[in-house]
K.L.:
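Sharing a structure, written as structure tokens. Questions coming.
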Amino acid sequence: MNLSRSLLRPSPAGGQHGLLHLVDSCRAAAHLPTLRAVHARLLLLQHLPSSAVARVKLIQAYAACSALPAARAVLTSSPDRTTVFFNVLLRALTAASLHREALLLFASMRLQGPSCSPDHYTYPLALKSCAASGSLRLGVQIHASIARLGLDANLFVAHSVISMYARCGRPNDAYQVFDEMQHRDVVSWNAMISGFAHAGLFQRAVVIFREFVGLQCTQPDAGTMASVLPAMGNAKAEDITFVREVFDKMRFRGLISWNAMLSIYAINGLHVKAVELFVRMEKDGVEPDRMTLATVLPCCGQVSAFSLGKHIHEIIKRKRMCPNMLLENALMDMYANCGCLKDAREVFDAMSLRDVVSWTSIISAYGVRGHGTEAINLFENMLGQGLEPDSIAFVAVLAACSHAGFLDVGKRYFDCMTSRYQITPKAEHYTCMVDLLGRAGCISEAYDFILAMPIKPNERVWGALLGACRIHSNMDIGLLAADSLFRMVPDQTGYYVLLSNIYARAGRWADVTSVRSVMASKGIKKLPGASNVEIGDQVHTFHVGDRSHPQSEMIYKKLEELLGRIRGMGYNPGVEGTLHDVEEEEKEGHLSVHSEKLAIAFVLINTSPGTPIRITMNLRTCSDCHHAAKLISAITDREIILKDINRFHHIVQGVCSCGDYW
DNA sequence: ATAGGGTTAG
């Protein structure tokens, strides 16, 4: 390394000035061996006793090399140490999140005499450690010292007091400090916004954010955007729009502001907005960093934006950002959700380090396709690596069991989650178990399971039971489930449709009609089924009986041809259909133009032989379309990857990964 | 030679 080479050179680099410069270079490069050599040289040349600056620089450089004991040793061996020495070491400790040690060091300053009294640099650091370790009592004491010394007029100090109170669970005390400030700058407001956000007072954070923007005395900055972000989970549409307006009006829009805005869209499920914003960011020539891409990739997966996802993968390769677990995990998630299990697996296999998130991601990718055995193998493999599965890892493996119908294995995992890993099951785990039991036909057991739950069953838990009742035509328990659901979510279309399907199968047409009229009186409409496919980077959407596409005529002709061919292979439209999503009124005519079928015909026309057909839809696919898709995959020799509302159907040569169990 | 607010997954 050239640092070492310049060390061997005599003067001028060997002189004190050159050596100090070298110390800074070691700090920047975090190169400990060279730093030790320079340190030795400084000692040899007797430069250190005379130069406090040199010793402060050494402390910083050792800290940058993560050699904190060495940094501390320099401080201890300096008889003429001053407050600055402590401040620099405190800074190193807080940066390394060693908050207890930082507070011990802070406490030791009192014993050092007046030259080492804490000052306006010291307090923010000490308070940061209080905030991080939740040391409210010490924080209050420090606040008292600050007030006694009159240091609360210093903005840096005041901001750290605000932050300390907010993060120690005292947002009102934080606000009082903020309120009593004589002068405020943008950081004062940011500290208060972030304070409310971290105390969980999201609405107050947004209100004070709006107040700040309304004052128009100071421009919001990247810190403002980042501060309001944690308050924006589950945000109101108008608040998101407001933040976007602020973002658009910012004079300097740095990377952090872009990332915060992207994140706000992402955490609110506005995946399309996030994707659009990212496209604009690229147009504006703003260079994305790891975080930008790790935020946008899951959005690509959610909306199956495969070409953008691949494009982002190219950016990652070009910028040589991997290996990086954050990005690799996000890439896997994107590929898996875009219907490319193979690419997801390639990313997983190429990783040099994997954490629980990586494993969970790949387990879930196999699980939602019905590849239960591989999902379980991966889960066991993860355990074999000594990784502790967490709550979400169990959701993935339980969901895998439920998609594959592995009743006993699923029960075993559910038991071991609590007994062996002491993880308290959440609603998601119960949903998996109800789904697993119910679809396996154990409807009463599933119902008893719900009744015995220690937490209040949510909508999804009852929804899983209702779905199982539809499959197994259990009207009694189905009604109980529907009753709970209608009280919880009176406006959710899907559950009315499920109930009416149950009645239809039992031939109770009067009840079907009454469910319909309830829906009509409440103004609830059936969500129209839609299928999306991507050709190039263009997304095409199809609805039932859609004739709006320019290629409509060709699509219908193709579909007719396909249906004619598969009819000879046992495809009998409408027979199975009524068993699942389709209502009795939907005759063969309707079924044959379901959006999935139109999408399949469209892709067949527009792509070369062998290209996989990837479809994303907003409902569960019906068994008629499922049957048709399997046969079409066989006669056209195409893979069909159908992503429906809760799983993937990966169809190869007439066989679906779901094993027709869904 | 030193300090404040801030974004990262399944």
Side-chain angles (χ1 to χ4, degrees), chain A residues 20 23-24 27 51-61 82-92 94 118-128 131 151 154-164 166-167 178 184-195 197-198 220-230 232 254-264 266-267 289-298 301 324-334 336-337 354-365 367 389-397 399:
Chain A
L20 287 192
V23 172
D24 285 338
R27 179 186 173 189
S51 172
V53 172
R55 278 170 286 138
V56 167
K57 279 186 181 298
L58 275 174
I59 294 175
Q60 288 176 316
T82 57
T83 305
V84 176
F85 282 74
F86 284 89
N87 292 347
V88 170
L89 188 55
L90 269 177
R91 164 79 206 164
T94 54
D119 63 7
H120 54 293
Y121 283 80
T122 318
Y123 287 117
L125 291 163
L127 286 168
K128 193 190 192 101
L151 283 177
N154 180 296
L155 288 183
F156 286 77
V157 174
H159 300 155
S160 58
V161 174
I162 292 172
S163 181
M164 179 277 296
R167 281 167 199 255
F178 173 81
R184 298 188 190 105
D185 69 4
V186 57
V187 180
S188 318
W189 289 89
N190 295 351
M192 202 58 245
I193 293 166
S194 134
H198 281 106
D221 65 3
T224 318
M225 293 293 295
S227 299
V228 81
L229 166 57
M232 295 295 289
L255 189 56
I256 292 179
S257 302
W258 283 95
N259 288 353
M261 195 66 234
L262 286 167
S263 233
I264 288 172
I267 60 176
D289 67 355
R290 288 182 172 84
M291 201 191 117
T292 316
L293 304 179
T295 305
V296 179
L297 278 169
N324 175 285
M325 222 161 35
L326 185 75
L327 282 177
E328 289 160 320
N329 289 347
L331 278 170
M332 245 194 304
D333 178 72
M334 180 276 292
N337 281 319
R354 303 182 189 98
D355 64 0
V356 180
V357 178
S358 325
W359 287 93
T360 305
S361 206
I362 197 75
I363 289 166
S364 154
D390 63 9
S391 170
I392 306 175
F394 273 105
V395 173
V397 75

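Because the structure is a prediction, the values reported are computed rather than measured. Below, chains carry the letters A, B, ... as their sequence lines are ordered, and counting in each starts from 1.
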K.L.:
How long is the line joining CD of A:Gln60 and C1' of B:dA1, in whole Å?
P.N.:
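Going from CD in A:Gln60 over to C1' in B:dA1 covers 6 Å.
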
K.L.:
Check whether any side-chain heavy atom of A:Thr122 lies under 4.5 Å from a side-chain heavy atom of A:Phe86, and answer yes or no.
P.N.:
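No, too far: nothing below the 4.5 Å cut-off.
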
K.L.:
In this structure, how many angstroms lie between the P atom of B:dA9 and the CG atom of A:Leu229, rounded?
P.N.:
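Between P of B:dA9 and CG of A:Leu229: 10 Å.
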
K.L.:
Can you find a side chain N or O atom of A:Ser163 that sits less than 4.0 Å from OP1 or OP2 on B:dG5?
P.N.:
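Yes, because at least one side-chain N or O of A:Ser163 sits under 4.0 Å from OP1 or OP2 of B:dG5.
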
K.L.:
Of the nucleotides B:dA9, B:dG5, B:dA1, which one has an atom closest to the side chain of A:Val56?
P.N.:
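So the nucleotide nearest the side chain must be B:dA1.
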
K.L.:
Over all strands shown, is A:Asp333 touching base, sugar-phosphate only, or nothing at heavy-atom distances under 4.0 angstrom?
P.N.:
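Sugar-phosphate: the residue A:Asp333, judged by heavy atoms under 4.0 Å, touches backbone atoms but no base.
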
K.L.:
What is the nucleic acid contact for A:Pro298, judged by heavy atoms within less than 4.0 Å: base, sugar-phosphate only, or nothing?
P.N.:
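Answer is sugar-phosphate: A:Pro298 comes under 4.0 Å of backbone atoms only.
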
K.L.:
Should the side chain of A:Asp221 and the base of B:dG5 be counted as holding a donor-acceptor pair, with the cut-off at 3.5 Å?
P.N.:
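By the distance-only test, yes, there is a pair.
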
K.L.:
For A:Leu255 and B:dT8, what is the distance between atoms CG and P respectively, to the nearest whole Å?
P.N.:
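That distance rounds to 13 Å.
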
K.L.:
To the nearest angstrom, how far is A:Tyr121 atom OH from B:dA3 atom P?
P.N.:
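Taking atom P of B:dA3 as the reference, OH of A:Tyr121 is at 8 Å.
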
K.L.:
With hydrogens left out and only the distance checked, is there a donor-acceptor pair under 3.5 Å joining A:Ser194's side chain and the base of B:dG5?
P.N.:
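Check fails, no donor-acceptor contact within cut-off.
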
K.L.:
Nearest to the side chain of A:Leu326 - B:dT7, B:dA9, B:dT8?
P.N.:
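From the listed options, B:dT8 comes nearest.
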
K.L.:
Return yes if some donor-acceptor pair links the side-chain N/O of A:Ser263 with the main-chain N/O of A:Ala260 below 3.5 Å, else return no.
P.N.:
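Checking the backbone N and O of A:Ala260 against the side chain of A:Ser263, no donor-acceptor pair under 3.5 Å is found.
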
K.L.:
So, does the side chain of A:Asp390 form a donor-acceptor pair with the base of B:dG10 at under 3.5 Å?
P.N.:
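It does, because a donor-acceptor pair links the side chain of A:Asp390 to the base of B:dG10 below 3.5 Å.
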
K.L.:
Heavy atoms from C-beta onward define the side chain here; which of B:dA1, B:dG4, B:dG10 lies closest to that of A:Ala393?
P.N.:
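Of the options given, the side chain of A:Ala393 lies nearest B:dG10.
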
K.L.:
Counting side-chain heavy atoms from CB outward, which of B:dT2, B:dA9, B:dT7 is closest to A:Val84?
P.N.:
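Closest nucleotide to the A:Val84 side chain: B:dT2.
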
K.L.:
From B:dA1, B:dG10, B:dA9, pick the nucleotide closest to the side chain of A:Thr82?
P.N.:
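Looking only at heavy atoms from C-beta outward on A:Thr82, the closest nucleotide is B:dA1.
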
K.L.:
Which whole-number value in Å describes the distance from A:Phe156 CZ to B:dG5 P?
P.N.:
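It is 10 Å, rounded to the nearest whole Å.
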
K.L.:
Measuring from the side chain of A:Ile392 (C-beta onward, heavy atoms only), which nucleotide among B:dG10, B:dA3, B:dT7 has the closest atom?
P.N.:
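It is B:dG10.
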
K.L.:
Would you say the side-chain atoms of A:Asp333 pair up with the backbone N or O of A:Asn329, donor to acceptor, closer than 3.5 Å?
P.N.:
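No; judged by distance alone, with no hydrogens or angles, the pair does not exist.
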
K.L.:
Kindly say whether, by distance alone, the side chain of A:Asp185 makes a donor-acceptor pair under 3.5 Å with the base of B:dG4?
P.N.:
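Donor-acceptor pair under 3.5 Å: yes.
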
K.L.:
Is there a side-chain contact (heavy atoms from CB on, under 4.5 Å) between A:Met332 and A:Ser358? Walk through the geometry before answering.
P.N.:
CA-CA 8 Å; A:Met332 245 194 304; A:Ser358 325; 3.9 Å; yes

K.L.:
Starting at atom CG of A:Asn337, determine the distance to atom P of B:dG10, rounded to an integer number of angstrom.
P.N.:
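Whole-Å distance recorded here is 9 Å.
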
K.L.:
Backbone N or O of A:His159 within a donor-acceptor pair of the A:Ser163 side chain at under 3.5 Å?
P.N.:
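Checked: no pair found.
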
K.L.:
When the distance from CZ of A:Phe178 to P of B:dG5 is rounded to whole Å, what number comes out?
P.N.:
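Checked: the CZ to P distance equals 15 Å.
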
K.L.:
If I take atom NE2 in residue A:His198 and atom C1' in nucleotide B:dT7, what distance separates them, rounded to the nearest angstrom?
P.N.:
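From A:His198 NE2 to B:dT7 C1': 10 Å.
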
K.L.:
Which nucleotide, B:dG5, B:dG10, B:dT8, lies nearest any side-chain atom of A:Lys128?
P.N.:
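Side chain of A:Lys128 sits closest to B:dG5.
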
K.L.:
Are OP1 or OP2 of B:dT2 and a side-chain N or O of A:Arg55 less than 4.0 angstrom apart?
P.N.:
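Result: no.
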
K.L.:
Is a side-chain N or O of A:Arg184 found less than 3.5 angstrom from the main chain of A:Phe178, in a donor-acceptor match?
P.N.:
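The answer is yes, because a donor-acceptor pair under 3.5 Å joins these two groups.
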
K.L.:
Side chain of A:Lys57 only, heavy atoms from C-beta on: which candidate in B:dA1, B:dG4, B:dG10 is closest?
P.N.:
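Closest of the options to the side chain of A:Lys57: B:dA1.
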
